[in-house]
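Report on the following structure.
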Amino acid sequence: MGLYQRMKKIIITLDGYSSCGKSTLARQLANELNYVFIDSGAMYRAITLYFLRQHIDWNQVTAVNKALSEINLEFQYNEITGQSDMYLNDENVEALIRDMLVSEHVSEVAALKEVREFAVAQQQKMGEKKGIVMDGRDIGTTVFPNAELKIFVTADPAIRVERRFKELYAKNPNITLEEIKTNLEMRDYIDSNREFSPLRRADDAVDLDNSNLTREEQLAIALKWAKEKMH
Ligand code: DC
């Protein structure tokens with residue numbers, strides 16, 4: 001039995017603006033603690049992909065509800081990458097949901113009340129047994145308001161654009177820094193100003209600015225906080 005398995009199982013939430021490195025840190029933490037990692041943004045992205053493919057008019061509540069009733073979301077472990085992939089109705093959509101077209105519409109879709117209720121209910125179920133690290137925008141505020149450890153991740157805006165650019169350029173060499181900057185600014189604005197569970201720092205969250213931290217350094221800080229809560 002590993003060191004951490006003997007300790008109390010907790011829920012760890014990571015919230016913050018787009019491209020702050022939340023998923024990277026959440027994945028590192030989950031690996032280290034042998035916890036389940038859930039990228040809640042992938043769920044909103046998969047829903048958006050479905051809406052786009054089916055030409056759903058998301059201003060119509062009836063159409064949204066019908067579409068949601070047709071959606072089954074699942075995370076499945078990928079043995080090659082060692083990570084969990086997002087499955088939409090049994091199709092692996094992990095690569096497709098990172099597409100710019102999805103990024104351009106996801107904040108609008110994620111702002112819908114029906115979409116939030118649909119995703120939040122599933123996220124809460126995933127945390128019933130604890131031992132989970134989930135990243136997103138409203139995880140420490142709405143999904144798990146009683147989580148033992150809440151981390152609010154921040155990073156310098158220029159560094160965020162640069163990181164996103166490096167990530168996307170490999171797949172799409174036509175992408176520009178300007179396009180990414182505009183998309184991040186637009187998503188941050190919509191995510192923070194929407195009516196239902198906007199992005200907000202939970203009052204009891206701890207701040208982690210990773211602008212000048214290596215992956216190892218940010219992991220060490222977060223692990224220290226986690227261990228304090230696991231005793
Ligand atoms: O983490 P990400 O960039 O993949 O998330 C994509 C979008 O999904 C983000 O712009 C806002 C939305 N989102 C949300 O509203 N609530 C969450 N818990 C996670 C993501």
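Small disclaimer: the values here were computed from a predicted structure and weren't measured. Both ligands and their constituent atoms are indexed starting at 1 by order of listing.
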Considering non-hydrogen atoms of the protein only, which is the closest contact for [atom], and what is the distance?
| atom | result |
| --- | --- |
| atom 16 (N) of ligand 1 | Arg116 NH2, 2.9 Å |
| atom 12 (C) of ligand 1 | Ala110 CB, 3.7 Å |
| atom 4 (O) of ligand 1 | Arg45 NE, 2.7 Å |
| atom 3 (O) of ligand 1 | Arg187 NH1, 2.9 Å |
| atom 19 (C) of ligand 1 | Ser40 OG, 3.3 Å |

_Applying side-chain hydrogen bond (donor to acceptor under 3.5 Å, both in side chains) to Arg137 and Ser18, what does each step give before you reach the verdict?_
CA-CA 9 Å; Arg137 305 294 187 286; Ser18 297; 2.9 Å; yes
Should you measure from each heavy atom of [X], which atoms of ligand 1 turn up under 4.0 Å away?
| X | answer |
| --- | --- |
| Gly41 | 4 (O), 5 (O), 19 (C), 20 (C) |
| Asp191 | 9 (C), 10 (O), 11 (C) |
| Gly136 | 17 (C), 18 (N), 19 (C) |

*Glu148 with Lys130: basic N within carboxylate O range, under 4.0 Å*: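 Between Lys130 and Glu148 there is a salt bridge, with a charged N closer than 4.0 Å to a carboxylate O.
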*Option set Arg194, Gln123, Arg137, criterion heavy-atom distance to atom 2 (P) of ligand 1, minimum*: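 Heavy atom nearest to atom 2 (P) of ligand 1 belongs to Arg137.
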_Do Arg45 and Ser103 pair up side chain to side chain, a donor and an acceptor below 3.5 Å, judged on atom types alone?_
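Ser103 and Arg45 do have a side-chain donor-acceptor pair below 3.5 Å.
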*Is there a chain of hydrophobic side chains (I, L, V, M, F, W, Y, each step under 4.5 Å between heavy atoms) that links Ile97 to Tyr169?*
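In one cluster with Ile97: Tyr169, no.
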*Assess whether side-chain hydrogen bond (donor to acceptor under 3.5 Å, both in side chains) is satisfied between Thr141 and Arg200, documenting all intermediate values.*
CA-CA 7 Å; Thr141 50; Arg200 216 170 31 77; 5.0 Å; no
_Sidechain-backbone polar pair: Thr48 side chain, Val102 backbone, donor-acceptor under 3.5 Å_ =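 Flag not set: sc Thr48 to bb Val102 has no pair under 3.5 Å.
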*When the ring planes of Phe51 and Trp58 are compared, do they come out parallel, tilted or perpendicular, using 30° and 60° as the limits?*
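Aromatic pair Phe51/Trp58 classed parallel.
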*Heavy-atom contacts under 4.0 Å between Ile139 and ligand 1: side chain, backbone, both, or neither?*
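The answer is the side chain.
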*Test of proximity, Ser107 against ligand 1: N or O pairs below 3.5 Å*: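 Min N/O separation from ligand 1 is below 3.5 Å for Ser107.
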*Evaluate the salt bridge (charged side-chain N to carboxylate O under 4.0 Å, His left out) criterion for residues Arg98 and Glu167: first the C-alpha distance (whole Å), next the side-chain angles of each, then the deciding distance (0.1 Å), finally the verdict.*
CA-CA 10 Å; Arg98 310 291 160 192; Glu167 195 183 307; over 6 Å; no
